[in-house]
2 protein chains.
Amino acid sequence: MTDRPSGDTKRGETLLYLTDEQLRKGIEAMFFAYKGFTSDPDRILVERGYGRAHHRAIHFIHRSHGTTVNNLLEILGVTKQSLNRVLRTLIEDGLVESRVGTRDKRERHLYLTEAGQVLERELSDVQQARMRDAFRSAGPGAVAGFRTVLEAMMDPEMRRRYQRLAENGQ
Amino acid sequence: MTDRPSGDTKRGETLLYLTDEQLRKGIEAMFFAYKGFTSDPDRILVERGYGRAHHRAIHFIHRSHGTTVNNLLEILGVTKQSLNRVLRTLIEDGLVESRVGTRDKRERHLYLTEAGQVLERELSDVQQARMRDAFRSAGPGAVAGFRTVLEAMMDPEMRRRYQRLAENGQ
DNA sequence: TGGCAATGTCAACAACGCTGACATAAAATG
DNA sequence: CATTTTATGTCAGCGTTGTTGACATTGCCA
């Protein structure tokens with residue numbers, strides 16, 4: 001906003017213009033790339049009668065074995081009613097197991113069953129394949145830049161969660 | 001997929017492991033960053049009773065003044081019924097104008113009205129502000145890498161549309 | 001003139017966000 | 001021990017936005 005004070009488009013027109021165009025490109029790149037990013041898993045999910053919300057739950061349960069419902073709620077940033085609808089079907093379908101906590105019996109710890117792990121593998125295979133191809137063709141420097149910018153784009157709270165996950169990353 | 005043939009996790013365990021972890025981080029970065037990316041406009045949209053679909057329509061109509069409905073359909077990748085629902089409200093609310101084509105009278109050319117431009121500006125201001133901050137803190141090299149990876153992640157058809165838009169970019 | 005293209009619209013449905021209200025069990029606290 | 005708070009689940013209802021299928025209108029084109 002400091003480059004283009006509201007109402008001022010005179011100062012440094014050309015530079016300004018380029019900057020705005022660059023930002024617009026970034027915005028559109030996010031839109032089109034996110035579409036590609038989700039398209040492969042989406043195809044698999046539809047066959048099973050699931051949606052993206054199921055994928056996200058499966059992903060983070062896989063990522064953090066035995067996480068609690070509350071923890072998952074924070075990561076996903078949805079309401080418990082919304083998450084519960086998804087979790088219920090996953091548990092009914094035998095993809096996720098919910099175990100009562102030992103230390104705190106109010107908590108439910110979530111785990112992928114074998115069937116759940118199979119689907120998780122299937123979903124992350126196609127998503128990782130696309131990411132791998134993109135990373136390869138872009139090169140290591142670009143990959144670093146990619147992650148740096150994405151991290152900077154997150155809300156601070158989300159960035160913290162992202163980094164915490166990365167640390168726990170086996 | 002060539003790094004980790006299905007069922008084989010023995011070969012080059014450590015290197016393999018790092019790669020998988022890197023991909024996972026990339027996937028999670030996309031998830032958390034996209035959340036941040038949409039959060040600021042979302043806040044504004046809710047106040048007006050609009051959603052993300054309205055934002056997307058407004059964005060691309062702004063980007064390509066006088067674009068046709070069909071063109072917009074291709075860019076957005078949704079059904080005409082879905083787009084029409086959004087367009088109808090925008091036209092009713094006086095944010096978008098639909099003019100019958102001169103060359104081909106079947107076509108409708110779409111334009112933002114002044115009110116539409118005001119909202120567009122408001123939405124892109126906050127979204128660009130976040131993008132600008134992210135770009136600044138990441139640095140020019142990271143920005144280039146960011147866009148390279150995102151472009152590589154798009155479906156070829158979408159990449160073509162993205163690049164075509166970028167060319168037309170004033 | 002007949003066929004195809006561009007658009008709009010009606011209806012129904014599904015996924016997945018949301019709010020609000022309420023219930024239960026268990027932990028925590030005074 | 002009584003009370004409050006926490007973690008979870010559930011019911012009901014609503015809104016946005018995607019889908020499919022069907023059908024109508026208008027206009028271009030061969």
Side-chain angles (χ1 to χ4, degrees), chain A residues 31 34-35 38-39 41-61 66-93 96-111, chain B residues 31 34-35 38-39 41-61 66-93 96-111:
Chain A
F31 171 68
Y34 197 78
K35 212 172 238 297
T38 55
S39 62
D42 279 355
R43 253 173 252 124
I44 295 171
L45 291 160
V46 164
E47 290 170 13
R48 308 251 191 159
Y50 294 139
R52 258 177 226 179
H54 298 85
H55 185 189
R56 290 196 279 263
I58 288 172
H59 175 96
F60 286 109
I61 292 172
T67 186
T68 64
V69 172
N70 249 350
N71 196 354
L72 202 51
L73 279 175
E74 282 185 349
I75 287 173
L76 295 174
V78 297
T79 59
K80 64 172 177 172
Q81 294 91 331
S82 216
L83 175 58
N84 197 264
R85 185 163 39 193
V86 164
L87 272 185
R88 203 188 314 162
T89 71
L90 289 176
I91 291 170
E92 279 170 5
D93 296 353
V96 167
E97 200 191 332
S98 165
R99 298 185 207 151
V100 173
T102 50
R103 217 187 35 200
D104 187 333
K105 288 180 187 170
R106 291 171 304 178
E107 292 178 340
R108 300 299 139 94
H109 297 270
L110 303 169
Y111 302 87
Chain B
F31 171 68
Y34 198 78
K35 213 172 238 294
T38 55
S39 62
D42 279 355
R43 252 174 253 122
I44 295 172
L45 291 160
V46 164
E47 289 170 13
R48 307 252 191 157
Y50 294 140
R52 259 177 226 179
H54 297 86
H55 185 189
R56 291 196 279 262
I58 287 172
H59 175 96
F60 286 110
I61 293 172
T67 186
T68 64
V69 173
N70 249 350
N71 195 354
L72 201 51
L73 279 175
E74 282 185 348
I75 287 172
L76 295 174
V78 297
T79 59
K80 64 171 178 173
Q81 293 92 330
S82 213
L83 174 58
N84 197 263
R85 185 163 38 198
V86 165
L87 274 185
R88 204 188 314 162
T89 70
L90 290 175
I91 291 170
E92 279 171 4
D93 296 353
V96 168
E97 200 191 333
S98 164
R99 297 185 207 151
V100 173
T102 50
R103 216 186 37 197
D104 186 331
K105 289 180 185 170
R106 290 171 305 179
E107 292 179 340
R108 300 301 139 94
H109 297 271
L110 303 169
Y111 302 87

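Chain identifiers are assigned alphabetically (A, B, ...) following the order of the sequence lines, protein sequences preceding nucleic acid strands; residue numbering begins at 1 within each chain.
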Subject >> B:F31 vs A:L76 side-chain heavy atoms within contact, under 4.5 Å >> reply: yes
Subject >> Base C:dG8 paired with B:R106 side chain (donor-acceptor, <3.5 Å) >> reply: no
Subject >> A:R88 side-chain proximity, nearest of C:dT19, D:dT17, D:dC11 >> reply: D:dC11
Subject >> Nucleotide nearest A:V69 (side chain, heavy atoms from C-beta), chosen from D:dT8, C:dA26, C:dT7 >> reply: D:dT8
**OP:** Could you pull out the closest heavy-atom pair between B:H54 and B:Y50, with the gap in Å?
**Re:** CD2-CD2, 3.5 Å
**OP:** Using atom CG of A:N71 as one end and atom C1' of D:dT8 as the other, report the distance to the nearest whole Å.
**Re:** 14 Å
Original post:
B:G49 near the nucleic acid: base, sugar-phosphate alone, or nothing, with a heavy-atom cut-off under 4.0 Å?
Top reply: sugar-phosphate
Original post:
According to the interplanar angle, ranging from 0 to 90°, do the rings of A:H55 and A:H59 count as parallel (below 30°), tilted (30 to 60°) or perpendicular (above 60°)?
Top reply: perpendicular
**OP:** Write down the distance between CG (B:L72) and C1' (C:dT7), rounded to a whole number of angstrom.
**Re:** 13 Å
**OP:** Check the distance between C:dG17's P and A:L76's CG and give it to me in whole angstrom.
**Re:** 8 Å
Subject >> Between P of C:dA5 and CZ of B:R108, the distance in whole Å >> reply: 18 Å
Original post:
Which nucleotide in the list C:dG17, C:dT7, D:dG18 gets nearest to the side chain of A:R85?
Top reply: C:dG17
Subject >> Test side chain to side chain contact (heavy atoms under 4.5 Å, CB included) applied to B:S98 and B:T68, B:L110, B:V69, B:L90, the passing residue >> reply: B:L110
Subject >> D:dT8 base / A:K80 side chain donor-acceptor hit below 3.5 Å >> reply: yes
Original post:
Side chain of B:Q81, base of D:dG21: donor and acceptor closer than 3.5 Å?
Top reply: yes
**OP:** Nearest whole angstrom, please: distance from the P of C:dT9 to the CG of B:L83.
**Re:** 12 Å
Original post:
Does the C:dG17 base have a donor-acceptor partner in the side chain of B:R52 within less than 3.5 Å?
Top reply: no
Subject >> Nearest-angstrom distance from the residue atom CZ of A:R99 to P of D:dT8 >> reply: 16 Å
Subject >> Closest to side chain of B:A53, choosing from D:dT17, D:dT8, C:dT7 >> reply: D:dT17
**OP:** Please check the phosphate of C:dG17 (OP1 and OP2 only) for any side-chain N or O of A:T79 closer than 4.0 Å.
**Re:** no
Original post:
How close do B:I61 and B:V96 get, heavy atom to heavy atom, and via which atoms?
Top reply: CD1-CG2, 3.9 Å
**OP:** Calculate the interatomic distance between B:E74 atom CD and C:dA5 atom C1'; express it in whole Å.
**Re:** 13 Å
Subject >> A:D104 CG - C:dA26 P separation (whole Å) >> reply: 10 Å
Original post:
Is any side-chain N or O of A:R56 closer than 4.0 Å to OP1 or OP2 of C:dG17?
Top reply: yes
Original post:
Counting only distance, no hydrogens or angles, is the base of D:dG27 paired donor-acceptor with the side chain of B:E107 under 3.5 Å?
Top reply: no
Original post:
Can you check whether A:N70 has a side-chain N or O nearer than 4.0 Å to OP1 or OP2 of D:dT8?
Top reply: yes
Original post:
How about A:R88 and A:E92: do any of their side-chain heavy atoms sit closer than 4.5 Å?
Top reply: yes
Original post:
Quick one: is C:dC16 close enough that its OP1 or OP2 comes under 4.0 Å of any side-chain N or O from A:H54?
Top reply: yes
